[in-house]
Structure formats: structure tokens, C-alpha cells
Amino acid sequence: MSVVKSLVAGRILEEQLFPYPRLRDKDREVLGAILDAIDQFLAPKHADFKRWDRDAEQPAEFIQGLRDLGLFGLIIPEEHGGIGLSNAAYARVLGQSSTHDSSSTLTIGAHSSIGMKGLLLFGTAEQKARYLPKLASGEMIAAFCLTESGAGSDAASIRTRAEKNSDGSWTLSGEKIWITNGGIADLYTVFARTSSPQGKITAFIVEAAWPGVSHGAHEDKMGIRASSTTTVNFAQVRVPAENLLDLEGKGFKVAMAILNNGRTGLGGGAVGGMKTLIGLSSAQANSRKQFEQPIGDFPLIREKISQMTVDCFAAESAVYMVAHYIDSGYDDYSVEAAISKIFASEALQRGAYEALQIAAGNGFMREYPYEQITRDCRILTIFEGTNEVLRLYIALSALKDLGRSLGDLKAAVDGIFNHPIKGFGVLSDYAERRLTRATGVGRDKILTELPPSLRETAGIYERYTVEIARVSDVLLRRFGRSIADQQCALKRIADIAIDLFVGLCATSRAAALVRQSDKDAAHATAIARVFAQQAKRRMANNLRRIERNEDEEMNQLAGFILDKGHYPWDVI
Ligand SMILES: Cc1cc2nc3c(=O)[nH]c(=O)nc-3n(C[C@H](O)[C@H](O)[C@H](O)COP(=O)(O)OP(=O)(O)OC[C@H]3O[C@@H](n4cnc5c(N)ncnc54)[C@H](O)[C@@H]3O)c2cc1C
């Protein structure tokens, strides 16, 4: 069961959150050597990365170096020539490479997380045997081709077409934009609309060398400038029948499964970036003196450093919990994966802002790494699903499941439910009593196995699990199916769910460190406690604003400005 969907229904699935999972022994054995090799290869290239960022290029010899290190075969099973890492270990590897360079991380990550993931998840034995060994060695690099000029967040509206030929092959025509690895890939996972009765979207494996496949120029981007981003064009490309991926008409499901499964790679990379920032900021705070003191003595600087640490620990805890769900074969983890992506990407962006602020004037100079990190991490809230769309996805997915369970409630109290005014308060009370009785959340503590230092922290999550269930119940009853149009309320539900899930992951991890008598466990406990107090304030605010807000006025104001198309006032 999905942990977050259960939270929104008023249940904390304790056994899926505690104890905090450990990396597989097999992964631990190989990770040390891989991380060392990455450091040895990437650390001497920091000056090159700066130059390649400026020149927007990634030389072929460097990509060959990534191949030689085996970094294109990280998650490909050993029987196909890869290293066969788990999702958790893979996220850790991307975390390490992103401590050196974001563009390099993206080149490796786009190949594994999304480029060839479809083949891993949905490929036939024959397709895997044909392509995976070449993908593992890096002889073939992969890219994921979904976005088009008219289809970004609304990916289902793509217009690339695949027409079925009489011999069972397909003719593919269309153009994809902003494809990571577009200019260096040998293999594309392409999504196209088919005109057959099954219609809908279908996924194909397409080789770059086939006639009719071409790519555009390297895009001149704000960040991750060295990594390849191009258009990819398919002009009447003949795709053999055996390169259909999964079933005809199932392409949208394939695309979403790839993106969900790949999110921990992005999260792991973001955590690596945060660790770099914490290291840079610590060095700066210790060495820079003003008013005859290291700036690290000033509470306003210390607050920034500790907040970055809280955010990093929380993001890391969530990312590796989700990776564990994927590695353990859970089916329903897409909401948790979306949460880990949102939290990690935004935490990194907050960290980049604060680290640059600590470095101040130096931070603004291109000589220092902060401005590049700020530019590089900006993409993370945009691609692989914008954070706005993912928030809507989190709330709607959870409410949909709750709505199903409320169907039973509706049948039990049908008469009252049909009377919108009289029934309302009765039902809210009823729902709360029902939730408390059914789940034990609220009055009785259910997080049982925690060290005493984390009990109060757990109490916060228990209380707000009841609250999110109560308010979701109220919203569903008030808006029914039209809840999908209540985006501001959905965002608040998503934000409460994010705080609950990330906070529970951080608490679970701190508890595990206490149990292992980790020498820094007291600090980890402090982080979990601080996060919970901060989350409590955010959750209380979000709950309050579901009922009392300025949404309508804001909406009208947006309408006014959008109609005008500009800001209408001046002081003249
Ligand atoms: C550097 C880079 C690399 C990329 N790599 C790849 C790749 O490898 N493969 C690939 O297929 N794509 C790739 N993309 C595309 C990326 O996934 C899209 O940019 C992303 O999905 C958003 O689409 P869009 O930019 O068209 O924004 P839009 O969808 O036009 O969104 C614009 C704004 O509206 C918001 N919005 C949209 N819909 C809603 C809604 N229903 N409710 C509320 N708000 C909404 C968005 O959150 C956003 O703020 C890449 C993009 C970039 C910039």
C-alpha cells in the first residue's frame, strides 16, 4: 500500500516506515569502489567542468571516460553486462558524481533513469538481449523522447505519429524537443500517437542510426550547459515491429512508470549537490572574518548552515526510503517518489540560494562555484514533471483513494450525506470518529518503537495525520469530482502530505541512528525534532488556509492582470 495515500486516509503504515531501511550488503560491497573511482576520475576535472559549462560542450573523450568507468551500466543486470545496482545504490552513485559536476551526472542519469529504463521495465527478453549489453558498456547511449513543442506537462497531447504498415512495422513522424542526451544518444525511447483502434500513445525503441532520424543543435541553456539537450526529429522513420515497447496503446502508462521509477536518481543527485553546498558553506563560514570574527560565529549564518543540514538529512531520508520501496518491489510508490523529487529539488534550490548568500560577493563571482550550482539546479523543479503538476498529482492520487473508501461511508449514512447543510457537521464528526476508531490514530499513539527523544516528534505526525484525513474528507464532500479544479486546496493537501512523509522518513532514520548508537545520533535526533517543529507550523498554516484564504481575491487579481497583460500602476 502507498504510505502517503494511507496517511491521507488517516493511517500511518508504521511497518513501511520503521525501521529505516539499510542498503543491501551487495550494494555496500561495490559502492565503495565505484565512489572512489568516480572521485578519482572527476575530481581533477573541476577546471574542465567550468570551461565546458562556459563553452556548452562535453568532449567525446570525457564521455569515453564515463564509459570506461562503467557508468552507463549502473542499473543494468549483470547478466546483460551491467553492474546491477539497486535503485538506492544508483541514487548514491549519482549523489557522488553530482558533488563534482551536474552536467556529467545528467548525462549518466538521463541514460539510466529515463533513457533505457523503459527497456528494463517493459522490454521483451529478445529486446533486452539485443540492446542491454551495448547500453551497459556505453557503446549505445540512451535518451527519453516525450516532450514536444505543444506537449510539455500535458504529455498526453503529443502529436508525433506512428502509422502501422501492412508488414507490421511502423512509420514514425514528428519532432521532440529538449531531449537530454539528444545529440549523443544512439537509442531513443520514443512516444507516439497511433491511429489504430487502440489509438492512444505507444512507446517505441528507435535507433539513432536509422534513416530519417536526426537531431538539432546543442541548446544554449541557463544551466547544465555542458550536457546535451537537442531536438530529435523523426522523418518517416521505419520502426520494425519488434521495436514496439510493451503493448500498443500502453505508451502513456510506460512513460509514467519510467518517470516514477527514475525519480530517485534525480533525488540522489540533488542530495549530492546539497552535500557540496554544506561543505563549501562550512569552509566559507570558518575562514571568512568580518567584525574580527569568523562569519560562522554569527547566529544568522549558523541558522543557514543548520537549515541546509536539516533539509539535506530530510531529503536524503525520503529519497532512500523511496528507493527502498522500489527495490523491495512495492507497486504503489509513485506518490512517494513525487514527494521525494519535490522536496529534494526545492531543498537544493534553497540551499544554493543560502550558500551563495553566505559567500555573498564571492558567491556572485563566476570564479567561485556558487553561481554555476545555482544555474545548474534550477532545472530540477522543471523537468521530469514540474513541481506544480507533481503536487496536483500527489493530492489527487491520495484523494482518489480516499474517495473510494468514503464511498462505503456514503452508503452507510446516505440520508445525511444527501442533505448538504444539515449533514455537513454531523458527517465531519462522524468521519473523525470513524477514522479514530478504525485506525487508532489520534488519541492512542501508534508509533510505538521510537526512542523517548523522538516520541514528541512522532506525536506531531500522528496528530496531523488525523488532520489531513479530516480536511481531505471535508474537501471531497464539498467539491466531489470538481475537487480537481481546486488547485490551491490541492497544493495545500500536497504540502501537508510532503511534510508528513518527509518528516516520518527523517524520524525513522534518526531513530535507526540512535538504535545503532551512531556517534552523531544526538544531532540526527535534533534534526528530526527541528524538522517536525517546522513542519508543524507549515502544516497548521496549510490547514488553516484550506478554510480561510484569499484564493478568490487572488484569482480575480490574476484575471485582471492577465486581461491587461501588464502592471497598470506607476507613481508618476
Ligand atoms: C534542460 C531540459 C531537459 C529536458 N529533458 C527532457 C528529456 O530528456 N525528455 C523529455 O521528454 N523532456 C525533457 N524536457 C522537457 C521537460 O520535461 C518539460 O520542460 C516539462 O515537462 C515542462 O513542460 P513545459 O516546459 O512545456 O512547461 P508547461 O507544461 O508549458 O508548463 C508551464 C507552467 O505551467 C504549469 N502548469 C502546467 N500545467 C499545469 C496545470 N495543469 N496546473 C497548474 N499548473 C500547470 C507548469 O508547472 C509550469 O510552471 C527537458 C526540459 C529541459 C528544459
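Numbering of ligands and ligand atoms starts at 1, following listing order.
The nearest pair of heavy atoms linking Glu148 to Phe191 is OE2-O, 4.4 Å. Of all the heavy atoms in Ala142 and Ala185, the pair that sits closest is C-CB, 4.1 Å. Among all heavy-atom pairs drawn from Tyr370 and Ala359, the shortest one is CE1-CB, 3.4 Å. When all heavy atoms are compared, the tightest approach of Val239 to Ile205 is CG1-O, 4.1 Å. A pairwise comparison of heavy atoms in Ser227 and Thr107 identifies CB-OG1, 4.2 Å as the closest pair.
The single protein non-hydrogen atom nearest to atom 44 (N) of ligand 1 is Glu388 CB, 4.3 Å, given as residue, atom name and distance. Nearest protein heavy-atom contact of atom 39 (C) of ligand 1 is Val389 CG2, 3.9 Å. Counting only heavy atoms of the protein, atom 8 (O) of ligand 1 lies nearest to Thr180 N, 3.0 Å. The protein non-hydrogen atom at the shortest distance from atom 6 (C) of ligand 1 is Trp178 O, 2.8 Å. Regarding atom 37 (C) of ligand 1, its nearest protein heavy-atom neighbour is Ser153 OG, 3.6 Å. Nearest protein heavy-atom neighbour of atom 24 (P) of ligand 1: Gly152 CA, 4.0 Å. For atom 9 (N) of ligand 1, the closest non-hydrogen atom of the protein is Phe144 O, 2.8 Å.
Those atoms of ligand 1 with a heavy atom of Thr147 less than 4.0 angstrom away are 10 (C), 11 (O), 12 (N), 13 (C), 14 (N), 15 (C), 16 (C), 17 (O). Short contacts between ligand 1 and Ile382, defined as distances under 4.0 Å to a heavy atom of the residue, involve ligand atoms 20 (C). Applying the 4.0 Å criterion to heavy atoms of Leu146 picks out, from ligand 1, the atoms 11 (O). Within the listing of ligand 1, atoms 7 (C), 8 (O), 9 (N), 10 (C), 11 (O) sit less than 4.0 angstrom from a heavy atom of Ile179. Within ligand 1, counting atoms from 1 as listed, the ones closer than 4.0 Å to a heavy atom of Phe383 are 2 (C), 3 (C), 4 (C), 16 (C), 17 (O). Within ligand 1, counting atoms from 1 as listed, the ones closer than 4.0 Å to a heavy atom of Thr386 are 22 (C), 46 (C), 47 (O).
Of the inter-residue distances, the one linking Leu135 atom CG with Ile76 atom CD1 reads 5.0 Å to the nearest 0.5 angstrom. Taken to the nearest 0.5 Å, the CG atom of Leu348 stands 12.5 Å off from the NZ atom of Lys275.
Between Phe49 and His46, the two ring planes are tilted [angle within 30° to 60°]. Using a 30° and 60° split on the angle between ring planes, Phe41 and Phe62 fall in the parallel class, below 30°.
At least one N/O-N/O distance between Gln487 and ligand 1 falls below 3.5 Å.
Look at Asp495 and Arg492 and you find no salt bridge, because none of the NZ, NE, NH1 or NH2 atoms lies under 4.0 Å from a carboxylate O.
Val471 has its side chain out of reach of Glu467: every pair of non-hydrogen atoms, C-beta onward, lies at least 4.5 Å apart.
The nearest protein heavy atom to atom 30 (O) of ligand 1 is not closer than 4.0 Å. For atom 26 (O) of ligand 1, the nearest protein heavy atom lies under 4.0 Å away. For atom 33 (C) of ligand 1, no protein non-hydrogen atom is found at a distance below 4.0 Å. Distances from atom 46 (C) of ligand 1 to the protein include at least one heavy-atom value under 4.0 Å.
Contact annotation: for Leu392 versus ligand 1, heavy atoms closer than 4.0 Å belong to the side chain alone. With a 4.0 Å cut-off on non-hydrogen atoms, Ile379 touches ligand 1 through its side chain and not its backbone.
Checking each of Arg130, Arg238, Gln127 against Asn243 for a side-chain hydrogen bond (donor to acceptor under 3.5 Å, both in side chains) leaves exactly one that passes, namely Arg130.
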